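The block underneath contains the structure these notes are about, expressed in structure tokens.
None of the values given here were measured: they were computed from a predicted structure.
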Amino acid sequence: MRFGKYHGLGNDFLVVDLRSDDGPEAALVQEPARAIALCDRQFGVGGDGVLAILPSAIADVRMVVLNSDGSVAEMCGNGIRCVAKYLFDRDPSSLYGVSGPRPDGLGPLGSSKTSPREIRIETGAGILTCAVDGEPGRAESISVRMGAPRLLRGEVPMTGPAGERCIEQPLEGAGAFTCVSTGNPHAVTFVDSREVAYDRARTLGPTLEHHAWFPRRTNVEFAHVKSRGELDLVVWERGCGLTLACGTGACATTVAAVLTGRADIGTPVRVNLPGGTLEITVLPEFADVIMKGPALHVFDAEIDIAALAARPTRQ
């Protein structure tokens with residue numbers, strides 16, 4: 001099986017293009033046990049997840065996200081930027097702006113020294129549009145229309161009245177949480193410093209991921225507000241653990257900051273994660289969230305996935 005190793009701010013993935021592969025390897029790579037083996041940093045390749053690129057009947061491609069624990073995530077913000085870079089660098093004819101005009105009539109997401117190129121990617125959170133700056137083979141920055149955040153308990157999902165929002169609700173011994181879905185569930189709390197964010201992510205993250213509030217588990221964000229335009233963020237990621245970056249988490253945290261009066265709607269916010277910085281903008285009336293950040297290619301390789309699955313993995 002051929003794959004590319006990519007990362008977005010240190011959140012690293014194996015990108016596997018299965019659009020023209022309907023053989024046994026295409027099925028194997030989507031099995032939870034194979035994803036666990038591939039992501040194992042001692043016995044496998046190592047990564048926070050596997051991103052499978054598949055054909056789509058309603059978009060340019062479909063992205064399936066397998067976490068390092070074998071679970072499937074609805075969406076991955078850093079991952080979708082990596083997939084967009086893979087396609088832009090290797091298959092630019094699939095991108096709107098290269099092959100022809102946008103069929104939905106929407107304009108580009110941004111501007112740069114070159115024209116942004118756009119691609120629509122089907123995910124478990126719907127069809128998302130990515131705009132890529134740079135020349136084919138050298139994608140530099142990717143902006144993603146993440147869609148309108150889901151603000152109601154039933155949409156996150158979480159327990160409690162389905163039609164109500166959860167804003168700064170106390171959770172005993174852990175802080176006050178604002179819960180948002182940006183394609184997958186997030187529980188956000190604000191703390192006094194980056195150091196406190198690190199400490200609480202390590203100590204509280206594992207328990208909160210599985211808290212009874214969240215029937216599908218949750219990502220947990222610990223954020224420190226430096227100013228109305230800048231946040232420090234540490235994320236305990238569902239299915240991965242403490243991570244260097246989380247794109248959907250940065251979006252959810254910025255939404256939570258707007259909801260609680262800590263940031264302004266319509267204004268870009270710098271979100272500093274351990275692996276680097278993303279720019280997040282919440283559009284008026286929470287109509288959309290724009291995430292902008294880099295994605296980098298590390299190397300390409302080939303692996304015998306059937307043989308890999310027979311090796312021991314860490315428990």
Side-chain angles (χ1 to χ4, degrees), residues 1-31 34-56 59-68 70 72-73 75-95 98 117-123 128 130-144 237 239-240 243-247 275-276 291 293-309:
M1 180 193 78
R2 291 199 59 77
F3 67 90
K5 183 73 180 290
Y6 286 76
H7 79 86
L9 304 182
N11 196 191
D12 59 335
F13 307 95
L14 285 72
V15 177
V16 185
D17 192 344
L18 302 176
R19 288 176 294 170
S20 60
D21 185 359
D22 58 359
E25 286 188 345
L28 281 176
V29 73
Q30 297 178 74
E31 292 180 358
R34 293 339 196 268
I36 292 170
L38 286 166
C39 292
D40 192 290
R41 297 187 185 277
Q42 276 69 50
F43 297 106
V45 178
D48 289 325
V50 176
L51 306 174
I53 303 175
L54 299 162
S56 172
D60 295 304
V61 298
R62 181 164 65 98
M63 178 182 76
V64 173
V65 182
L66 294 106
N67 292 320
S68 59
V72 176
M75 231 298 282
C76 177
N78 289 316
I80 199 171
R81 297 199 316 275
C82 291
V83 168
K85 176 176 173 60
Y86 174 95
L87 293 166
F88 184 81
D89 287 349
R90 303 178 192 229
D91 189 15
S93 64
S94 69
L95 303 177
V98 176
R117 319 299 172 87
E118 298 189 1
I119 184 168
R120 298 168 77 240
I121 299 177
E122 179 188 356
T123 74
L128 303 183
C130 302
V132 187
D133 285 342
E135 296 296 333
R138 298 191 303 278
E140 298 170 359
S141 178
I142 297 97
S143 296
V144 185
E237 189 169 348
C240 296
T243 185
L244 291 174
C246 178
M291 172 187 63
L296 295 175
H297 173 244
V298 183
F299 63 84
D300 291 328
E302 188 167 341
I303 191 167
D304 184 340
I305 188 172
L308 175 68

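Minimum heavy-atom separation, V64 to L54: CG2-CD1, 3.5 Å. Across all non-hydrogen atoms, the minimal contact from L18 to A52 is CD1-CB, 4.0 Å. Closest of all the heavy-atom pairs between A59 and R120 is CB-O, 3.5 Å. Annotation for D12 and G46: closest pair OD2-O, 4.0 Å, computed over non-hydrogen atoms. Across C240 and S68, no two heavy atoms sit closer than the pair CA-OG, 3.8 Å.
We find the CZ-SG distance between R34 and C39 to be 13.5 Å, quoted to the nearest 0.5 Å. In this structure, L38 CG and L308 CG are separated by 5.0 Å, a value rounded to the nearest 0.5 Å. Atom CD1 of I142 sits about 7.5 Å away from atom SG of C82, to the nearest 0.5 Å. Atom CD1 of residue I303 and atom CG of residue L14 lie 8.0 Å apart, to the nearest 0.5 angstrom. The distance from the CG atom of L296 to the NE2 atom of H7 is 4.0 Å, given to the nearest 0.5 Å. Rounded to the nearest 0.5 Å, atoms SG (C130) and CZ (F88) are 12.0 Å apart.
Under the rule for a side-chain contact (heavy atoms from CB on, under 4.5 Å), the partners of T243 that lie at least two apart in sequence or sit in another chain are N11, D48, V235, E237, C246. Residues passing the side-chain hydrogen bond (donor to acceptor under 3.5 Å, both in side chains) test with Q30: none are found, sequence neighbours excluded.
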Could you walk me through whether N78 and F13 satisfy the side chain to side chain contact (heavy atoms under 4.5 Å, CB included) test, starting with their C-alpha distance in whole Å, then the side-chain angles of each, then the deciding distance to 0.1 Å, before giving a yes or no?
CA-CA 9 Å; N78 289 316; F13 307 95; 4.1 Å; yes

Walk me through it: do M291 and L128 pass the test side chain to side chain contact (heavy atoms under 4.5 Å, CB included)?
CA-CA 11 Å; M291 172 187 63; L128 303 183; over 6 Å; no

Does the pair I305 and E31 meet the rule for a side chain to side chain contact (heavy atoms under 4.5 Å, CB included), with working shown?
CA-CA 11 Å; I305 188 172; E31 292 180 358; over 6 Å; no

Dump the intermediate steps for side chain to side chain contact (heavy atoms under 4.5 Å, CB included) on V65 and L51, then the final yes or no.
CA-CA 5 Å; V65 182; L51 306 174; 4.0 Å; yes

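Below 30°, between 30° and 60°, or above 60°: for Y6 and Y86 the angle between ring planes is above 60°, a perpendicular geometry.
Looking at D300, its side chain never comes within 3.5 Å of a backbone N or O of R2 through a donor-acceptor pair. Proximity of a side-chain donor or acceptor of K5 to a complementary backbone N or O of V298 within less than 3.5 Å is not detected.
The side chain to side chain contact (heavy atoms under 4.5 Å, CB included) with I53 is formed by just one residue from the set R19, M63, R62; it is R19.
The closest side-chain heavy-atom distance from V29 to F3 is not below 4.5 Å.
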